[in-house]
Amino acid sequence: MPKELPKAYEPRKYEDKIYKTWEESGFFNPDNLSGEPYSIMMPPPNVTGILHLGHALENTLMDIMARYQRMNNKKTLLLPGTDHAAVATQARVEKLLIKQGIKNPRQELGRDELLKRIRKYADESKSTIIKQIKKMGTSCDWSRLAYTFDDKRSEAVNKVFVRMYKDGLIYQGHRVVNWSVKGQSTCSDDELEHKEQKTILYTFKYSKDFPIAISTTRPETKFGDTAVAVHPDDARYKKYIGKIFTVNVGAKKPLNIKIIADKAVDSEFGTGAVGVTPAHSQIDYDMYEKHKLDLVQVIGEDGCMTEGAGKEYEGLSVDKAREKFVAWLRQEKLIEAEEEITHNVGTSDRFGDTIEVLPMKQWFVAVNKEIPNKDKSLKDLMREAVASGLNGDKKKKINITPDRFNNQYYHWIDNLRDWCISRQIWWGHRIPVWYKTDGRQQTADGSNIYVGIEAPKEKYNKAVLLHAWDSKPDAAFFPWLKQKFESRGIEVLALALPNSKNPNFNDWLNEFEKIKTDEQTIVIGRSLGATLALGAATRGKRMGKLISVCTPLDNPAIPEFFKEMGKLDYKKIKNNIKECSVIHSSDDPYIEKKVSEKLSKELGVKMTIVDNAGHFAGGKYDEILDACGLWTQDEDTLDTWFSSGLWTFSTLGWPRESEDLKTYHPSSWMQMGYEILFFWMARMILFSTYALDDIPFKNVYIHGMLRSKDGKKFSKSLGNGIDPIEMSKQYGTDALRLSLILGTTPGNDSRFYEEKVEGTRNLINKLWNVARYILQTADSRQQTTDIDLKNLTVADQWILANFNTLIDKNVTSVTKFLDRYDFSLAATLLQTFTLDFFADWYLEVSKFEKSEEKEKILLYILKNLLKLWHPFVPFVTEAIWQEMGEKKFLMVENWPNNLMDYGNGDDFELIKDIITAVRNARAENKVEPVKKIKAIVYAGKQKELIKSQANIIKGLRTGIEELEVKEKGKKPDKAIFVSVGEIEIYLIGAIDEEKEKKRLKDSIERLKQLIKITESKLDDKNFVERAPEPIVNKERARLKEFKEEVKSLEEQLARNI
RNA sequence: GGGCUCAUAGCUCAGUUGGUUAGAGUGCCACGUUGACAUCGUGGAGGUCAGAGGUUCAAAUCCUCUUGAGCCCACCA
């Protein structure tokens, strides 16, 4: 039964509803699909805010692929997720907090509170992003939603870290790193942006006696110079090589400058000699290692000069220090030249400040080191995966589209240094390394360091803290200790001596005895607290461990205590307490060394002496932690790309041997912008090849960046951003999606602007109206599989043949383009077919050729066209599909692929040409559109064809009322003349003679030009001899055609109409 | 310094291994309600394919150079 749809497609009415039914259908989840697996892991958007246009583009690309594959009967997984984006998120939240008046968030809030705030922000951002992904229509499996910072992903991170550590590929090293003073954190080489800056290049000598002048843009670092490097072949300096000079430039100590030879030095630049500052330059650091130089640090983490720079400079900012030092050089007349130059300065891309290179202890991934049991490094694996296939296995080769990015990738790998992975920000995966002490001191044998997935297991499940009294040291010490235990999940009970003036020791003892202690209990007593524990043990109380800190024992200052306690019995203590530690402070006024010595002697344990143990405020209680058996986790967090690098497999359940991992890894396809090629793609390849011995994905599609209409980047600072969600609300998601991919080519930037969305909205509305018309005329429930191929009209043959070219894999079809990731070309084909073929011609024809068969064909084309459109514009196609009364979802229909022989459609092409030519001639003669005319057609061999199509020719806006078709005949007078090939058409009753003459003359002129060109081609012997036969024949045929046409046009003109 | 991309209609872009008269969308102009669609239809104007050489029978397409725009890598201190 025919059906009436609304006049215009209204996205709002359908989109959310349809997305919900898709979601509920379960088809987003590949568990409910069968077939060969196909997987795409969504590049997780950062939880730093909301979705931008780039995300919208990525969602569109991924979803097109996912829907296309799903319709091709693949068990398709599009796995969604978000990224905690360590530095980016923390920097964003800190900025917000500073705006709110919290000047130094890290200091004022502390780690836990700041993390709480960031987490809240991240969670809000995450839920917004998820909503927006759904709004984009992305068909992802929400049951597998992942987050780079959730428990499962954290487990994967720790696992990889530990394994790489054990393989020696992760190491802690004291090396120069990039340091952001503003962010108070390291950053990797890739997180640097090189910005052009104007600076002064100073050329000077360290002292009057020093033989070589050097040039630098950073004089203040020169306090850290330990060498001057020259080119080995430089005749000027050869004689100095190997000599050591001592110069005094006002630093802490006179500098010992060794003259070294290094080929890296360019003799042409400056003086041809480089002052080597190992502590504050990467390249100088390399020389330091190579030439075994000294290293002197003169700049600190605060961006100020350290004491190494000498008293005069210590504490000055680098700028101030530079001024001061330059002034000194001037005064000493050591400067030989000052010139302004522009050079590139490394800048932190997140915090925006200039990077200082500092020597620091950090964690690194060794990319050049051989992997145990493999004669390859991580770099080798990364190269192999793209070049030849991992382990030479061609099935494990990553295919990058467009392939020009291969070279960029290799080049990047060749220049890759060890990757600094530790960051001093708090938002991120804590490095899974624990120390027995609170600092980061590592003992030579490594006994102080523990690297594992979880913290080392504690022996104790309960801690009892016995305060001495309400003294200040305890007030600082115990809360700190309590937190240390609690953060490890150990229950803490505390008992404090209530009043130091009038202590009731018996009550205190009774209170303590009420607390159940056993061998899993650790008791820490300070001062009288320790004595209390010892007393309780004497009376039979059992404990796992006692740490006795600054024990007063029989301190005569408080005799009441011991009156009630009685004498300590060390034998009983040893029986009842499994383990004891004695810690005391050399400067505690209450304790004399003898006392602790006695205790340790009686208990038979070593005594530890700690400075300041009695005055804990501000102390670092490494020994106490050690005695408690508490491990302290490394304060640093991991570079965010460490966790995103695991994305393709951490999302699938790794390190568990999950079904998902077996089924969906390596993933089939991945898309990303070229700007994160190195950040992300390279790291995914690194981790996957290392941890799984497999590639992370088989195909990578690199897309370009979206720019504004004038080619600028979209950015907050320019304020030229376009909110994709706003576009979606205004024009519909389908329109947005289509506008994002039309006119784009792989790897190249494209421009985006609102008019484009408007255009695609119109196109989508057209598709809607095509359906509207068909559903008005035909009952959509009819079978469309039994089309009678024998009784096709010429228009039927034409449209069906043309539809075939959309799905034929042997031609440049939609199918073929999608297989090649040519999204824009695929959509353009569909657009052309829908508008120029189906709507403009076939639908118009169908108004004059009515039959049951016609309805079937209309429905057949519509249905299959909807399928082809669906990956691009899922909502409108599904909406129409369901309005057609289909029960099954369009999203799981089969991709059309059955080619049938419908003929070539040439006959209808001829009819089309005739119609167009007539319209054309009418327009040029300015014939009123309402004016009806008569046409006489001399059709030669095509007589029967034209006759059979008379209704169509009359119907399709030619204004022909009467159509006479003959093989040939007398040329009528006062007629507009149109020729199509050999067919002559005379339009009678509407001629404007002047205009017609002009039209004929213009046509003749144009044709004569063509004839000239073609003739000169054919006259050229070289062409005729050397060009392939078909090409030459084509030219000959054309020439013949042109000549015939000119002939008939000239005849017509000569007849004076 | 090395590498990459781009330059085609007013604007945004296609143009697959060289082979008809270089296309589309949009904008512009003229006309127009015909049984879906004014978020529309019909028709039209509009291009020395950045410039110069070269290869070839044939170049928007391949090569070289020049000019302009943009990007990536690189610590000439």
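Worth knowing before you read on, the calculation uses all heavy atoms, side chains too, and leaves out hydrogens, waters and symmetry mates. From a predicted model like this one, the values you see are computed outputs, not experimental measurements. Note on naming: letters A, B, ... go to the chains in the order of the sequence lines (proteins, then strands), and numbering restarts at 1 for each one.
By the 4.0 Å N-to-carboxylate-O rule, A:Glu924 lies too far from A:Lys998 to be salt-bridged with it. Under a 4.0 Å N-O distance rule, the pair A:Asp414/A:Arg383 qualifies as a salt bridge. Classification of A:Arg957 and A:Glu844 as a salt-bridged pair holds, one side-chain N sitting under 4.0 Å from a carboxylate O. A salt bridge does not link A:Lys816 to A:Asp819: none of the charged side-chain nitrogens sits closer than 4.0 Å to a carboxylate oxygen. Looking at A:Arg1038 and A:Glu1035, a side-chain N of the basic residue comes within less than 4.0 Å of a carboxylate O on the acidic one, giving a salt bridge. Salt-bridge annotation for A:Lys931 and A:Glu961: absent, with no side-chain N of the basic residue lying under 4.0 Å from a carboxylate O of the acidic one. Salt bridge A:Lys290/A:Asp284: absent, no basic N to carboxylate O contact under 4.0 Å. Between A:Glu996 and A:Arg999 a salt bridge is recorded (basic side-chain N to carboxylate O distance below 4.0 Å). A salt bridge does not link A:Arg922 with A:Glu928: none of the charged nitrogens is closer than 4.0 Å to a carboxylate oxygen.
A distance of 10.5 Å separates OG1 of A:Thr760 from CE of A:Met727, quoted to the nearest 0.5 Å. The CG atom of A:Asp403 sits 7.5 Å away from the OG1 atom of A:Thr401 when rounded to the nearest 0.5 Å.
Here the separation of B:rG35 from B:rG41, taken at their P atoms, is 16 Å to the nearest Å. Rounded to whole Å, the P atom of B:rG53 lies 27 Å from the corresponding atom of B:rU17. Rounded to the nearest Å, the gap between the C1' atom of B:rC31 and that of B:rU8 is 31 Å. Look at the P atom in both B:rC76 and B:rU20: the space between them is 50 Å, to the nearest Å. Spacing of P atoms, B:rC6 relative to B:rU16, comes out at 12 Å, to the nearest Å. Taking the P atoms as reference points, B:rA60 lies 34 Å from B:rG1, given to the whole Å. Taking atom C1' in both B:rU67 and B:rA52, one finds a spacing of 10 Å when rounded to whole Å. Between the C1' atoms of B:rG70 and B:rU34, the separation comes to 50 Å (whole Å).
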Atom pairs, N/O to N/O, protein against nucleotides 17-21 of chain B, distance under 3.5 Å?
{"unit_1": "B:rU20", "atom_1": "O3'", "unit_2": "A:Arg1038", "atom_2": "NH1", "d": "2.4"}
{"unit_1": "B:rU20", "atom_1": "O3'", "unit_2": "A:Arg1038", "atom_2": "NH2", "d": "3.0"}
{"unit_1": "B:rU21", "atom_1": "OP1", "unit_2": "A:Arg1038", "atom_2": "NH1", "d": "2.9"}
{"unit_1": "B:rU21", "atom_1": "OP1", "unit_2": "A:Arg1038", "atom_2": "NH2", "d": "2.3"}

Check: protein-nucleotides 43-45 of chain B nitrogen or oxygen pairs below 3.5 Å:
{"unit_1": "B:rG44", "atom_1": "OP1", "unit_2": "A:Asn920", "atom_2": "ND2", "d": "3.1"}

Between protein and nucleic acid, restricted to nucleotides 9-12 of chain B and to nitrogen or oxygen atoms under 3.5 Å apart, what atom pairs and distances do you find?
{"unit_1": "B:rC11", "atom_1": "O2'", "unit_2": "A:Lys709", "atom_2": "NZ", "d": "3.4"}
{"unit_1": "B:rU12", "atom_1": "OP1", "unit_2": "A:Arg751", "atom_2": "NH1", "d": "3.1"}
{"unit_1": "B:rU12", "atom_1": "O4'", "unit_2": "A:Tyr753", "atom_2": "OH", "d": "3.1"}
{"unit_1": "B:rU12", "atom_1": "O2'", "unit_2": "A:Tyr753", "atom_2": "OH", "d": "3.1"}

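Judged by a 6.0 Å distance limit and a 45° cone about the ring axis, A:Lys847 is positioned over the six-membered ring of A:Tyr773. Geometrically, A:Lys222 does not engage A:Phe204 in a cation-pi contact, judged by NZ or CZ lying under 6.0 Å from the ring centre and within 45° of the ring axis. By the 6.0 Å and 45° rule, A:Lys709 stacks over the aromatic ring of A:Tyr753.
For the pair A:Met705 CE and B:rU5 C1', the interatomic distance rounds to 12 Å; values are reported in whole Å. Taking atom CD1 of A:Ile741 as the reference point, atom P of B:rC13 lies 15 Å away to the nearest angstrom. Taking atom CZ on A:Phe833 and atom P on B:rA24, their separation rounds to 18 Å, with Å as the unit. Straight-line distance from the CZ atom of A:Phe817 to the P atom of B:rA14: 13 Å, rounded to whole Å. Rounded to whole Å, atom C1' of B:rG23 lies 13 Å from atom CD of A:Gln831. Between A:Leu767 atom CG and B:rC40 atom P there is a gap of 13 Å when expressed in whole angstrom units.
Contact record, A:Ala735 with A:Ile764: N-CD1, 3.2 Å, taken as the closest heavy-atom pair.
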Checklist outcome for this item: Whether each nucleotide of nucleotides 71-77 of chain B has a protein heavy atom under 4.0 Å at its base (B), only at its sugar-phosphate (S) or at neither (-) is summarised, 5' to 3', as -SSBBBB
Checklist outcome for this item: The contact string for nucleotides 30-38 of chain B, one letter per nucleotide 5' to 3', using protein heavy atoms under 4.0 Å with B, S and - for base, sugar-phosphate only and none, comes out as -SS-BBBB-
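Using a 30° and 60° split on the angle between ring planes, A:Tyr842 and A:Phe838 fall in the parallel class, below 30°. Using cut-offs of 30° and 60° on the angle between ring planes, the pair A:Phe678 and A:Trp412 is parallel. Taking the six-membered ring where the residue is Trp, A:Phe714 and A:Phe752 present perpendicular rings, their angle passing 60° and hence far from 30°.
As judged by a 4.0 angstrom heavy-atom cut-off over every strand, A:Ile214 is placed among residues making no nucleic acid contact.
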Checklist outcome for this item: Dot-bracket for RNA chain B, 5' to 3', Watson-Crick and G-U pairs with both distances under 3.5 Å, [ ] for crossing pairs, | for partner on another strand, reads (((((((..((((.....[...)))).(((((.......))))).....(((((..]....))))))))))))....
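The phosphate of B:rA14 has OP1 or OP2 within less than 4.0 Å of a side-chain N or O from A:Thr745.
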Checklist entry - Between A:Lys926 and A:Asp992, does a salt bridge (Lys or Arg N to Asp or Glu O under 4.0 Å) hold up when you go through it step by step? => result CA-CA 8 Å; A:Lys926 301 269 181 221; A:Asp992 176 326; over 6 Å; no
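Of the residues listed (A:Arg12, A:Lys7, A:Lys13), the one engaging A:Glu10 in a salt bridge (Lys or Arg N to Asp or Glu O under 4.0 Å) is A:Lys13, and it is the only one.
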